[in-house]
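Report on the following structure.
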Amino acid sequence: MSRILAIDYGKKRTGIAVSDVLQLIANGLTTVPTKDLLTFLLDYVSKEPVERILVGLPKQMNNEPSENMKRVSPFVHLLRKRLPDIPVEYVDERFTSVLAHRAMLDGGLKKMQRRNKELVDEISATIILQSYLESRRFG
């Protein structure tokens, strides 16, 4: 089997998570500067089998696209063009940052560690991926 990759796309940096090859568990992979994201992804998929890429869909509570959508949409279009053999799909990302902070608190991370925005982005990507994996398993 191959992996599923999830992206929590941000203006400055992007969190990335990846599944195991059995697609059971989501693991945080890294956080990369958004300007380097495409290069990172192209390199990663050249080395690892990736079945699909999930991108957090930025929505507001009223279901309208958030401000970040104007950056995410062109990137997804470019990603689909550069990686035509790998499906790229959106996954609702509402609450992932809140859940990431909750996970950090529950994990006992100190206040300075919880301020690490890179870690929050990586955990958010992991939550996006884990919720997708669970929805396939139990949906």
Side-chain angles (χ1 to χ4, degrees):
M1 288 185 85
S2 54
R3 300 176 188 278
I4 298 175
L5 196 128
I7 297 170
D8 181 36
Y9 191 94
K11 184 176 180 180
K12 294 180 183 174
R13 72 194 160 270
T14 296
I16 302 171
V18 67
S19 73
D20 61 320
V21 291
L22 297 176
Q23 301 178 2
L24 298 173
I25 300 169
N27 295 295
L29 182 61
T30 190
T31 302
V32 298
T34 298
K35 64 180 177 53
D36 301 329
L37 179 59
L38 184 61
T39 303
F40 176 88
L41 293 173
L42 293 174
D43 181 58
Y44 187 86
V45 301
S46 74
K47 297 174 184 170
E48 291 284 339
V50 174
E51 177 183 304
R52 74 182 52 245
I53 298 174
L54 310 174
V55 179
L57 178 62
K59 285 183 169 183
Q60 299 178 58
M61 293 308 297
N62 65 0
N63 226 19
E64 294 291 316
S66 76
E67 178 74 16
N68 200 32
M69 191 63 187
K70 68 183 177 197
R71 289 182 282 276
V72 174
S73 187
F75 175 76
V76 167
H77 179 73
L78 178 62
L79 192 57
R80 286 177 173 152
K81 194 174 181 178
R82 294 294 301 271
L83 297 171
D85 297 331
I86 300 175
V88 178
E89 58 186 85
Y90 288 108
V91 176
D92 191 344
E93 69 171 20
R94 285 178 289 188
F95 304 116
T96 54
S97 292
V98 172
L99 292 170
H101 279 100
R102 170 56 57 198
M104 294 169 89
L105 270 172
D106 292 348
L109 292 181
K110 305 265 187 271
K111 192 173 192 174
M112 287 306 290
Q113 293 170 306
R114 293 194 309 264
R115 289 187 182 157
N116 179 347
K117 292 184 181 356
E118 289 85 9
L119 184 57
V120 173
D121 293 338
E122 187 178 321
I123 292 171
S124 293
T126 306
I127 291 168
I128 290 168
L129 179 53
Q130 191 65 46
S131 66
Y132 174 85
L133 295 173
E134 288 173 6
S135 72
R136 281 195 339 177
R137 209 170 320 152
F138 303 114

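Partner of Asp121 under the salt bridge (Lys or Arg N to Asp or Glu O under 4.0 Å) criterion, out of Arg13, Lys12, Lys11: Arg13 alone. For the side-chain contact (heavy atoms from CB on, under 4.5 Å) with Leu83, the qualifying choice from Val88, Leu42, Leu78 is Leu42, the only one to do so.
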- [ ] Please test Phe75 against Thr14 for side-chain contact (heavy atoms from CB on, under 4.5 Å), starting from the C-alpha separation and ending with a verdict.
- [x] CA-CA 12 Å; Phe75 175 76; Thr14 296; over 6 Å; no

TODO: Could you walk me through whether Glu89 and Leu54 pass the side-chain contact (heavy atoms from CB on, under 4.5 Å) test, one step at a time?
DONE: CA-CA 5 Å; Glu89 58 186 85; Leu54 310 174; 3.5 Å; yes

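Listed for the Arg3 side chain is a donor-acceptor partner under 3.5 Å among the backbone atoms of Ser19. Here the side chain of Ser46 pairs a donor or acceptor atom with the backbone of Asp43 at under 3.5 angstrom. A donor-acceptor pair is defined here as one N or O able to donate and one able to accept, closer than 3.5 Å; such a pair exists between the side chain of Asp20 and the backbone of Ile25. Between the side chain of Thr34 and the backbone N or O of Gly10 there is at least one donor-acceptor pair closer than 3.5 Å. Side chain of Glu122 to backbone of Ala17: no donor-acceptor contact under 3.5 angstrom is found.
Within the 4.5 Å cutoff, the side chain of Ile7 has heavy atoms near those of the Leu41 side chain. Within the 4.5 Å cutoff, no side-chain heavy atoms of Tyr44 are placed close to those of Ile16. The shortest side-chain heavy-atom distance between Leu79 and Leu38 falls under the 4.5 Å cut-off. Considering only heavy atoms from C-beta on, Leu37 comes within 4.5 Å of Tyr9 through its side chain.
Note that OG1 of Thr126 and CG of Leu133 are 10.5 Å apart. Values are rounded to the nearest 0.5 Å. Within the model, atoms CG of Asn27 and CG of Leu129 stand 8.5 Å from one another, a figure rounded to the nearest 0.5 Å. To the nearest 0.5 Å, atom CD1 of residue Ile127 and atom CD of residue Glu134 are 10.5 Å apart. Interatomic distance, CG of Leu29 versus CD of Glu48, reported as 9.0 Å (0.5 Å rounding). Note that OG1 of Thr31 is 9.0 Å distant from CD1 of Ile123, once rounded to the nearest 0.5 Å.
Minimum interatomic distance between Gln130 and Ala26 (heavy atoms only, all atoms of both residues): OE1-N, 2.9 Å. Here the shortest heavy-atom pairing between Ser2 and Gln23 reads O-NE2, 2.7 Å. Closest approach of Ala6 to Ala125, counting heavy atoms only: CB-O, 3.6 Å.
Remark: Arg71 CZ is packed, more than 12 non-hydrogen atoms of other residues, nucleotides or ligands lying under 6.0 Å away.
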